[in-house]
Amino acid sequence: MPSLSSDRPYFDAWLRRTGRQFAISGRLTQIAGALAAEQGGSVDEWRTRLRILLDGGEIPSLELLTRIDALLAGASKTKRDDGQQGLLF
């Protein structure tokens with residue numbers, strides 16, 4: 001019996017991981033707000049678009065996918081930590 005593997009395994013893994021991260025209360029709105037501030041549009045428009053992405057209804061551009069990952073990872077926090085590293089020596 002042939003297996004029903006996906007033709008986009010990396011994107012499917014991203015959807016699962018990102019869906020778990022957006023399950024945290026307020027996270028979707030937080031990311032929608034950051035994207036609205038950076039790229040324009042309203043928070044409601046971005047919330048809707050993110051939900052469509054999570055449902056698999058739209059495949060994001062590579063730039064948007066990596067930006068969402070960076071926002072979820074808290075990229076700005078790591079930049080602040082790098083600046084404090086010099087104070088240790």
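Residue pairs satisfying the ring-ring contact (aromatic ring centres under 6.0 Å, His included) criterion with at least one member in residues 10-41, sequence neighbours excluded, are listed as follows: Phe11-Trp14. Judged as a side chain to side chain donor-acceptor pair (under 3.5 Å), the pairs with a partner in residues 19-32 (not counting sequence neighbours) are, in order, Thr29-Arg47. Residues in residues 48-62 take part in these salt bridge (charged side-chain N to carboxylate O under 4.0 Å, His left out) pairs, two or more places apart or across chains: Arg49-Glu58.
Taking the side chain as every heavy atom from C-beta outward, Glu38 and Leu71 approach each other to under 4.5 Å. Using a 4.5 Å cut-off on side-chain heavy atoms (C-beta onward), Arg17 and Asp69 make contact. At least one side-chain heavy atom of Leu53 sits less than 4.5 Å from a side-chain heavy atom of Ile68. A 4.5 Å side-chain heavy-atom check between Leu50 and Leu35 finds at least one atom pair inside the cut-off.
To the nearest 0.5 Å, atom CG of residue Leu28 and atom CG of residue Leu54 are 6.5 Å apart.
The side chain to side chain contact (heavy atoms under 4.5 Å, CB included) test applied to Ser42 returns Asp44, Glu45, not counting sequence neighbours. Under the side chain to side chain contact (heavy atoms under 4.5 Å, CB included) criterion, Ala36 pairs with Val43, Trp46, not counting sequence neighbours. Annotation: side chain to side chain contact (heavy atoms under 4.5 Å, CB included) contacts of Ser61 (sequence neighbours excluded): Glu63, Leu64.
When all heavy atoms of Gly56 and Leu15 are compared, the pair lying nearest together is CA-CD1, 4.4 Å.
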